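Notes follow once the structure below has been shown.
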Amino acid sequence: MYGLCDCNNFFVSCERVFRPDLEGRPVVVLSNNDGCVVARSNEAKAIGIGMGQPYFQAKGLLERHGGTVFSSNFTLYGDLSRRVMTTLRSLVKEIEIYSIDEAFFNLEGHEEPLEELGHRIRNTIRRHTGIPVSIGIAPTKTLAKIAAKLAKQYPKLSGCCYMHREEDIRKVLSKFPLRDVWGIGRRYGKLFDQMQILTAQQFVELDKRWVQGRMGITGVRTWQELQGIPSLPLDDLSASRQQITVSRSFPHEIYDCGELERIVAEFATMCGEKLRRQGSVCRTIHCFLMTNRHRADQPQHTEEAHYRFSTPIDSTLALVKEGRELLRAIFREGFGYKKAGIILGGFEPRSTQQQSLFEPPSDPRHERLMEVLDRVNRHYGHGALKTAAEGEHPFQMNREHVSQRYTTEWGELLTVKAK
DNA sequence: TCTGGGGTCCTAGGACCC
DNA sequence: TCTGGGGTCCTAGGACCC
């Protein structure tokens, strides 16, 4: 049996931990630059605010219902996520952290009745962190996702759904919309709508060879998982990432190459910090640039370029240098750029770094320099020490409604006032 | 006026190997 | 005239996820 622990409306719940006055009222959290709605309280969903809706479209509706809006505060959400995962890890044997607000766990060898255990997990996480979660328990991960959805949907389940009898599962699947199944995205959803295959049960009744031919091995796995055949093992994702990205949309279009260079240098620096934190060196760096795709009246240009280091590196100086060169290669005069990013890939562990036979080894002085750079910035805060290429003023996003970093900054602790 | 960011895995095809 | 069989590795692009 697999369990899924899914935080309810996670970003909104994080804000409500420190603002209990917002219980029962519409609350939304916005993406970077206060662009789109990325989390909604149940009340905000009920008044018709959509997921991913641009804020300027939702603003009026929210205000009419006396709702509250927050800019995203990932420092806070990341810290509360860590607390939720720590609590969960103390209650079950093995967990796979799937995203900032979800984790799977394995239930083999637990003696406590599983439904009871589910409720105990839910109550403990609520008590220790203030975050409400939904628990789904079922024979496979895909079914556990469905169970967690039901737990969220039906109040009489009190936040935990244990789904294991075959006839119960079939009954659920024959009502469950196929497009809401984990692994069925927009593209396949459309295809199945056209075929009039609307429920998960109808999908399960398709021929395996058809599924294989049309959707590949990933489709077959979903098909099997829905039948209770485990096909997605619990992954140990503690291994390091395959790719590191830092990208942002800008508040305004940027026409100046020098300004973009400073921003890209900052993104490359942030990538370098992440890279060294996971103890890797990288072989490739990509830089991309795009204009505002929502402005059909303006000329469009999107381009990407990449560079391969002859010796894998983790030095911010090398990343900044190549990042800026790539940018200069793809930048075109006269276009208003709205978004840029740096992506690192081709990772190897730093400890077993392969040297090139013909190229000179990377500058050994960088290693010491990066150690000092990271130590200074850990102690005095991000950006205390930086490359000249980044310029004086760090890249700023719109964050008009940001809350305090209650749990990670001494200066921003919650203040309690006596009445 | 305003429209997010960061990931994963799979597949097909090309280069290359013996 | 005729031209094998069995692999690996890499990359780009497409699907998906939260």
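Proteins get letters first, then strands, A, B, ... in listed order; numbering begins at 1 in each. Note that the coordinates shown come from a computational prediction; the quantities given were computed from them, not determined experimentally.
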Presence of salt bridge, [Y] and [X], under 4.0 angstrom:
X	Y	answer
Asp193(A)	Lys190(A)	no
Asp374(A)	Arg378(A)	no
Asp180(A)	Lys149(A)	no
Arg16(A)	Glu43(A)	yes
Glu348(A)	Arg283(A)	yes

Walking DNA chain B from its 5' end, the first of Arg295(A) and Ser249(A) to be reached, judged by nearest nucleotide, is Arg295(A)
So which one's nearest nucleotide on DNA chain B is more toward 5', Pro251(A) or Ile244(A)?
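Residue closer to the 5' terminus by nearest nucleotide: Pro251(A).
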For DNA chain B, the dot-bracket notation using Watson-Crick and G-U wobble pairs below 3.5 Å, [ ] for pseudoknot-type crossings and | for other-strand pairs, is ....||||||||||||||
Exercise for the section: For residues Leu319(A) and Phe309(A), determine if any side-chain heavy atom of one lies less than 4.5 Å from a side-chain heavy atom of the other. Expected result: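 Leu319(A) vs Phe309(A): side chains touch.
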Applying a 4.0 Å non-hydrogen cut-off, can you work out what [X] is touching in the nucleic acid: base, sugar-phosphate, or nothing?
X	value
Tyr188(A)	sugar-phosphate
Asn33(A)	nothing
Ile184(A)	sugar-phosphate
Lys338(A)	sugar-phosphate
Val220(A)	nothing
Arg214(A)	nothing
His286(A)	nothing
Glu102(A)	sugar-phosphate

Check for a donor-acceptor pair, side chain of Lys338(A) on one end and backbone N or O of His294(A) on the other, with a separation under 3.5 Å. no
Outermost contacting nts on DNA chain C, any atom under 4.0 Å from chain A heavy atoms, listed 5' then 3', are dT11(C) to dC18(C)
Between Val84(A) and the options Cys7(A), Cys14(A), Ser13(A), the side chain to side chain contact (heavy atoms under 4.5 Å, CB included) test singles out Cys7(A)
ask   = Parallel under 30°, tilted from 30 to 60°, perpendicular over 60°: which one fits the rings of Tyr337(A) and His301(A)?
value =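 Plane angle over 60°, so perpendicular.
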